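Right, one structure below, let's go through it.
Keep in mind the model is a prediction, meaning the values are calculated, not measured. Whatever order the structure lists ligands and atoms in, that order sets their numbers, starting from 1.
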Amino acid sequence: MTPDGGVHQMFTISNRTDAPGCTTVVQPDFTSAQQSNNIIFRQTTPTFGTGLIELIQENDIIANKNSNLARKTGLGISGHPNYSDDDGTITRFGWKAQNKSLLYFAGEAYTVEEGVSDEAFPSENDESIPSCLPPFPVPPGTNKTKGVPDDRSDTGEAPKLPVNFPGDLERFSLFMRFLAPPTPVAPTKSTSDGLVQFNNVGCNMCHTQSFTTPKSTIAALSNVTANLYSDLLVHDMGPDNADNVPQGNATGDQFRTAPLWGVGQRYFFLHDGRTQDIVQAIELHRSFGNGIYPDSEANKVIDNFDSLGVSNPQGQQDLINFLRSL
Ligand code: HEC
């Protein structure tokens with residue numbers, strides 16, 4: 001198997017009574033892919049507050065990118081947005097900021113991760129086994145048939161859906177759009193100092209504290225300050241963090257600055273969940289170039305974080321307490 005940067009199905013379903021003849025779907029050959037070191041793992045990104053992230057204006061993302069330039073240059077931080085091939089605008093969801101909107105994000109996940117073709121991705125994602133392609137009789141034994149896509153809005157045609165409502169994608173995206181951002185715990189002396197240290201060592205040069213949404217037709221999302229702690233840009237994170245998967249204009253070692261709201265409640269950190277220790281998650285930002293990928297843009301900030309641990313151990317602890325409070 002050659003590296004293709006694609007998501008492959010871990011589970012397959014054969015022998016469904018509503019898909020007669022479809023008996024032979026096989027799992028991709030993960031064993032040999034693993035032997036040739038051709039598997040990478042990604043955990044899911046949190047979806048709280050994504051309705052706000054969806055509305056943040058491009059002008060604000062670019063203005064923030066162009067702020068504090070002298071300090072960023074001194075620290076080796078640049079970063080750039082990922083862009084949509086469709087309309088050239090900034091994309092923002094996913095570990096590589098590769099998805100434009102919650103509708104697309106839901107559509108992609110539905111077909112790629114769950115195998116359900118839908119209105120954004122109407123083809124079956126594997127057309128290699130003819131007996132596993134529609135039309136299928138629905139319900140089994142009748143002469144009514146089901147075609148593609150699997151999921152769609154109810155347009156009143158047979159076979160009727162159980163509810164007269166938009167398709168699942170609209171419902172998934174509405175659900176995510178109105179998930180409130182995580183609520184941080186009330187500040188203490190320690191967490192307030194932690195925020196100061198976070199800014200002093202330079203974490204905020206990527207983990208931008210907040211953006212404000214523009215006026216929106218959706219009242220709940222209009223003119224809201226979103227404390228997401230991300231610049232929504234992708235940055236080089238170096239060879240040790242690379243997953244070798246380019247997506248849009250994010251290269252194999254580039255990742256979106258992970259929003260830190262809610263990070264105090266998470267069990268696994270970084271795109272592949274490689275650590276459960278938040279201090280390790282910070283140290284793992286450090287990585288040196290190898291000729292294929294450059295140095296991590298975070299190296300100097302992580303040096304500052306380590307120096308803080310020497311000059312002011314309580315300040316470093318406060319920084320961690322601040323993260324845990326988010
Ligand atoms: C050069 C930009 C940059 C700087 C500087 C930076 N980060 Fe990050 N941070 C990222 C990126 C990109 C990720 C996601 C990396 C990945 O998933 O592999 C991330 C992820 C994290 C995570 C894990 C979040 C999660 O959901 O898994 C934590 C915690 C974190 N950063 C804290 C910090 C702290 C604290 C500092 C300052 C000491 C800092 N970061 C400095 C870019 C940066």
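- Shortest contact from atom 22 (C) of ligand 1 to any protein heavy atom: L260 CD2, 3.8 Å.
- D253 and T251 form a side-chain donor-acceptor contact under 3.5 Å, judged by distance and modelled atom types alone.
- Judged by a 6.0 Å distance limit and a 45° cone about the ring axis, K96 is positioned over the six-membered ring of F255.
- For ligand 1, the atoms closer than 4.0 angstrom to any heavy atom of V301 are 5 (C), 37 (C), 38 (C).
- Taking N249 as the reference, nothing meets the side chain to side chain donor-acceptor pair (under 3.5 Å) condition, with sequence neighbours excluded.
- Taking the charged nitrogens against the carboxylate oxygens, R171 and D168 do have a contact shorter than 4.0 Å, which makes a salt bridge.
- By the criterion of a heavy-atom distance under 4.0 Å, neither the backbone nor the side chain of M205 is placed next to ligand 1.
- In terms of the disulfide bond (SG atoms under 2.5 Å apart) criterion, C206 has no residue partners (sequence neighbours excluded).
- Here the protein heavy atom with the shortest distance to atom 25 (C) of ligand 1 is R266 NH1, 3.3 Å.
- Atoms of ligand 1 found under 4.0 Å from any heavy atom of W95 (numbered from 1 in listed order, with element): 17 (O).
- When K96, R42, H285 are checked for heavy-atom proximity to atom 10 (C) of ligand 1, H285 turns out nearest.
- Across the listed options A258, C206, S287, C206 owns the non-hydrogen atom lying nearest to atom 1 (C) of ligand 1.
- Taking atom 34 (C) of ligand 1 as the reference point, the nearest protein heavy-atom neighbour is C203 SG, 3.5 Å.
- Taking the ring centroids of F41 and F268, they lie at or beyond the 6.0 Å cut-off.
- When Q43, R256, H271 are checked for heavy-atom proximity to atom 17 (O) of ligand 1, H271 turns out nearest.
- With a heavy-atom cut-off of 4.0 Å, L323 touches ligand 1 through its side chain alone.
- Salt bridge absent: D318 and K189 never bring a charged side-chain N and a carboxylate O closer than 4.0 Å.
- Nearest to atom 27 (O) of ligand 1 among the protein's heavy atoms is L270 N, 2.7 Å.
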